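To keep things clear, I will list the structure first and then write my remarks on it.
All values below come from the heavy atoms of this structure, side chains included, with hydrogens, waters and symmetry mates left out. Predicted model, so just to flag it, every value in this text is computed and none were measured.
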Amino acid sequence: MSDPIPYARPAPGSQPPLDSPAYRSTQSRAPLYPPIRAPHTLTEASSPRLSPMHYPVHADMSVVAGKAAMGERIIVAGRVLDEAGRPVANSMVEIWQANAAGRYHHVRDDHDAPLDPNFEGHARVFTDAGGNYRFTTIRPGAYPWRNHHNAWRPVHIHFGLFGAGYAQRMITQMYFPGDPLLPHDPIFNTTADKAARQRLIASFDLDVTQPEWALGYRFDITLRGPAATPFEEGDHH
């Protein structure tokens, strides 16, 4: 049976390959054989029901139990769009990141940087009817990651976007404008197309900025088609 809803494929070079030699861990986790088509079951495609009723919104990472996290408070806002520029409503957006010192609130992070008891580093929001999302956080720090000599990850925030169920999930990263580490980062540079890489960098936005409180950044995400945001396979750190 033909696809009832065909879609425009991404432009060549606009998505990262599964195996990128400069990004070392992809060598051990990239598949060795072509994918096998396996139709999703109804449960895989539609469950669980992803809604604020079942997955409460948590849109402010800058405060824990009324205590402010250390670092520069920022606001991130944007839209989730399809290949035709139409808003994607009711999409669950998960966010996770390192703290201001460049350390994740995670047992496997052994970076020699301080943990912040007032920063847990994860959030969850939903897009509205116009595809808009928004959250408050702390600008994360860069951190070393042992991929190669003197390797440091640029400042970034992780995004996971869901469709109707867990089988419909896409993951990407948002970078910050002017970061001097970007030209040296193998993960950022796995996307060959320069224009596509630029879609991973947020823009400073005075309309998102809140006076005397926090700077604002805009990060729009296009899910598919020639202008799609580069997405990841597996667990990029």
Side-chain angles (χ1 to χ4, degrees), residues 10-11 14-16 52 57-63 69 71-100 102 119 121-142 153-163 169-183 185 187-189 191 193-232 236:
S14 67
Q15 296 295 311
V57 170
H58 173 52
D60 189 352
M61 288 190 278
S62 69
V63 176
E72 178 191 350
R73 182 172 48 215
I74 61 173
I75 301 167
V76 179
R79 300 182 74 199
V80 179
L81 307 167
D82 69 10
E83 72 272 31
R86 296 170 295 204
V88 177
N90 306 316
S91 177
M92 188 172 82
V93 181
E94 291 187 327
I95 306 108
W96 65 100
Q97 64 167 88
N99 66 19
F119 186 80
H122 55 82
R124 179 193 299 122
V125 296
F126 287 80
T127 57
D128 63 14
N132 299 287
Y133 73 87
R134 182 185 180 97
F135 63 91
T136 302
T137 185
I138 297 295
R139 183 183 173 101
R153 294 259 29 237
V155 176
H156 63 280
I157 298 176
H158 298 267
F159 283 71
L161 297 102
F162 287 86
R169 189 189 191 201
M170 305 178 80
I171 297 174
T172 189
Q173 297 183 28
M174 180 197 103
Y175 298 92
F176 287 76
D179 192 326
L181 291 171
L182 285 174
D185 183 58
I187 295 180
F188 178 70
N189 289 305
T191 301
D193 184 79
K194 182 178 179 180
R197 288 200 302 273
Q198 293 303 307
R199 292 197 286 273
L200 293 170
I201 303 174
S203 58
F204 172 68
D205 192 331
L206 270 179
D207 291 333
V208 177
T209 295
Q210 186 169 328
E212 302 186 32
W213 196 73
L215 296 179
Y217 293 87
R218 177 165 294 282
F219 184 57
D220 294 334
I221 300 170
T222 300
L223 295 182
R224 63 186 187 184
T229 302
F231 292 96
E232 305 169 0
H236 289 207

Heavy-atom pair with the smallest gap, counting every atom of A142 and V155: N-CG2, 3.9 Å
Measure the CD1-CG distance between I221 and L223 for me, rounded to the nearest 0.5 Å. 7.5 Å
Less than 4.5 Å apart, side chain to side chain, heavy atoms only: is that true for P230 and R197? no
Is there a side chain to side chain contact (heavy atoms under 4.5 Å, CB included) between I138 and R73 once you walk through the steps? CA-CA 4 Å; I138 297 295; R73 182 172 48 215; 4.2 Å; yes
Of all the heavy-atom pairs spanning F188 and L182, show the shortest one and how long it is. CD2-O, 3.5 Å
Check this for me: does any side-chain nitrogen of one of R153 and D185 sit under 4.0 Å from a carboxylate oxygen of the other? yes
Would you say T137 and S62 make side-chain contact, with heavy atoms under 4.5 Å? no
Atom pair CZ (R134) and CG (D128), whose distance is rounded to the nearest 0.5 Å: 11.5 Å
Give a yes or no on whether the ring-centroid distance for W96 and H158 is below 6.0 angstrom. yes
Name the orientation class of the two ring planes belonging to F176 and Y217 (parallel below 30°, tilted from 30 to 60°, perpendicular beyond 60°). perpendicular
Atom CE in M170, atom OG in S91: separation rounded to 0.5 Å? 10.5 Å
Quick check for you: to the nearest 0.5 Å, what is the distance between D60 atom CG and I75 atom CD1? 9.5 Å
Pick from M174, M61, H122: which one makes a side chain to side chain contact (heavy atoms under 4.5 Å, CB included) with I95? M61
Shortest non-hydrogen separation from I157 to F159 and the atoms involved: O-CD1, 3.6 Å
Within the structure provided, determine whether R218 and F204 are in side-chain contact (heavy-atom separation under 4.5 Å). no
Nearest 0.5 Å please: distance from the CZ atom of R199 over to the OG1 atom of T191. 9.0 Å
Testing the basics here: between Q173 and L200, what is the closest heavy-atom pair and its distance to 0.1 Å? O-CD2, 3.4 Å
For P140 versus A98, what's the shortest heavy-atom pair and its separation? CB-O, 3.4 Å
Between S14 (side chain only) and P10 (backbone N and O only), is there a donor and an acceptor less than 3.5 Å apart? no
Only one of N132, V93, L161 clears side chain to side chain contact (heavy atoms under 4.5 Å, CB included) with T127; which? V93
Criterion side chain to side chain contact (heavy atoms under 4.5 Å, CB included) on W213 and T136, from CA distance to verdict: CA-CA 11 Å; W213 196 73; T136 302; 3.7 Å; yes
Measure the spacing between OG1 of T222 and CG of L81 and express it to the nearest 0.5 Å. 5.0 Å
How close do V125 and A59 get, heavy atom to heavy atom, and via which atoms? CG1-CB, 3.7 Å
Considering only heavy atoms from C-beta outward, does the side chain of R124 approach that of V57 to under 4.5 Å? no
Under 4.5 Å between any side-chain heavy atoms of Q15 and F231, yes or no? yes
Determine, step by step, whether E94 and F162 satisfy the side chain to side chain contact (heavy atoms under 4.5 Å, CB included) criterion, reporting the C-alpha distance in whole Å, the side-chain angles of both residues, the deciding distance to 0.1 Å, and the verdict. CA-CA 8 Å; E94 291 187 327; F162 287 86; 3.4 Å; yes
